[in-house]
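This report concerns only the one structure given below.
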Amino acid sequence: KDRKGAIIWRVGIDKRPKRVESRTRIGDIEVDVMMGKNHKSALLVMTDRTTLITMIEKLESKGAEEVYQKMSDRLTNFNNCWIKTITFDNGKEFAYHHKIGKDLNAETYFTRPYTSQDKGTVENRIGVIRRFFPKKTDLRNVTDKRIKEVEKLLNYRPIRKFNYKNPIEVLQNKIVALMGWTWHLMIVLMGALIGIVTGLVGAGGGFLIIPVLIFFAKLPMKSAVGT
């Protein structure tokens, strides 16, 4: 941040590619912080706009360095071709946005001040998380294990707008839609999907391994060879 308190290298959401609004691709992430009791504890919440895949990390503080480190620990486990944009609000905790953007080769954008609908996707997911951790919850007393349980529940929770598919299923369907069914492209996409799985496994998302293996086991061979 500069001496006036403004976030340096901040780019407004009005400059974000219009394609992000269409929710047709994986990798446009919204990020927010969910506060606990008396603003003395917090969770970092990261949600993919298209699939609603959500990652949750416990914070000891709202310091920019810790927020950056938590994002880096989680998102840099993904194959970097998947993360395209990251949208934040204007909180000081996101002052190191340029560092995570550089790490991921992704563009970072900021919402309009006091306009929560600019990051409505992650706000919606936080609303669901609040069912498990109400506003008066002291998140310092919540174990990492419980946080990962809630993350798993979110990612396997059926969503009405997805015709009651869950985010994991939507992710799998998106991967199928991306495949052009040549061996070369399939190998590339398998590598990228492994990056996604690793990204979630890296901080306790091992629940993705089995459905992803099942997904590949079900791929028809004729499609894989482009016939």
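Thr87 and Arg49 share no donor-acceptor pair across their side chains, judged by distance under 3.5 Å alone. The closest side-chain donor-acceptor pair between Thr115 and Asp118, if any, does not fall under 3.5 angstrom. In this model, a donor atom of one side chain and an acceptor atom of the other lie less than 3.5 Å apart for Asp28 and Thr85.
Taking the side-chain hydrogen bond (donor to acceptor under 3.5 Å, both in side chains) definition, one finds that Ser116 meets it with nothing, sequence neighbours left out.
Tyr156 and Leu52 sit in two unconnected hydrophobic clusters of ILVMFWY residues. Membership requires side-chain heavy atoms under 4.5 Å apart, directly or through other members. Each of Val67 and Tyr109 belongs to its own hydrophobic cluster when Ile, Leu, Val, Met, Phe, Trp and Tyr are linked at side-chain heavy-atom distances under 4.5 angstrom. Under a hydrophobic clustering in which Ile, Leu, Val, Met, Phe, Trp and Tyr are joined whenever their side-chain heavy atoms come within less than 4.5 Å, directly or via other members, Phe110 and Ile13 fall into different clusters. Val20 and Leu171 end up in different hydrophobic clusters when Ile, Leu, Val, Met, Phe, Trp and Tyr side chains are linked at under 4.5 Å.
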Could you walk me through whether Lys58 and Leu43 satisfy the side chain to side chain contact (heavy atoms under 4.5 Å, CB included) test, starting with their C-alpha distance in whole Å, then the side-chain angles of each, then the deciding distance to 0.1 Å, before giving a yes or no? CA-CA 5 Å; Lys58 186 176 180 179; Leu43 298 177; 4.2 Å; yes
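Under 4.0 Å is where a charged nitrogen must lie from a carboxylate oxygen, and between Glu21 and Arg16 at least one such pair does. Here Lys148 pairs with Glu57 in a salt bridge; the nearest charged N to carboxylate O distance falls below 4.0 Å. Salt bridge annotation for Glu149-Lys152: absent, with no cationic side-chain nitrogen under 4.0 angstrom from a carboxylate oxygen. Electrostatic pairing of Arg74 and Glu151 counts as a salt bridge here, judged by a charged N lying under 4.0 Å from a carboxylate O.
Annotation: side chain of Asn155 is in contact with side chain of Thr54 (closest heavy-atom distance under 4.5 Å). The side-chain heavy atoms of Lys40 and Asp138, taken from C-beta on, include no pair separated by under 4.5 Å. Put simply, the side chain of Leu59 does not reach to within 4.5 Å of the side chain of Glu93, judged on heavy atoms. When side chains are defined from C-beta on, Gln69 does not count as touching Glu66, because their heavy atoms never get closer than 4.5 Å. The shortest side-chain heavy-atom distance between Glu169 and Phe162 does not fall under the 4.5 Å cut-off. The shortest distance between side-chain heavy atoms of Leu104 and Ile86 falls below 4.5 Å.
Checked options Phe94, Tyr68, Tyr96; the residue passing with Phe88 is Phe94 (criterion: ring pair (Phe, Tyr, Trp, His ring centres under 6.0 Å)).
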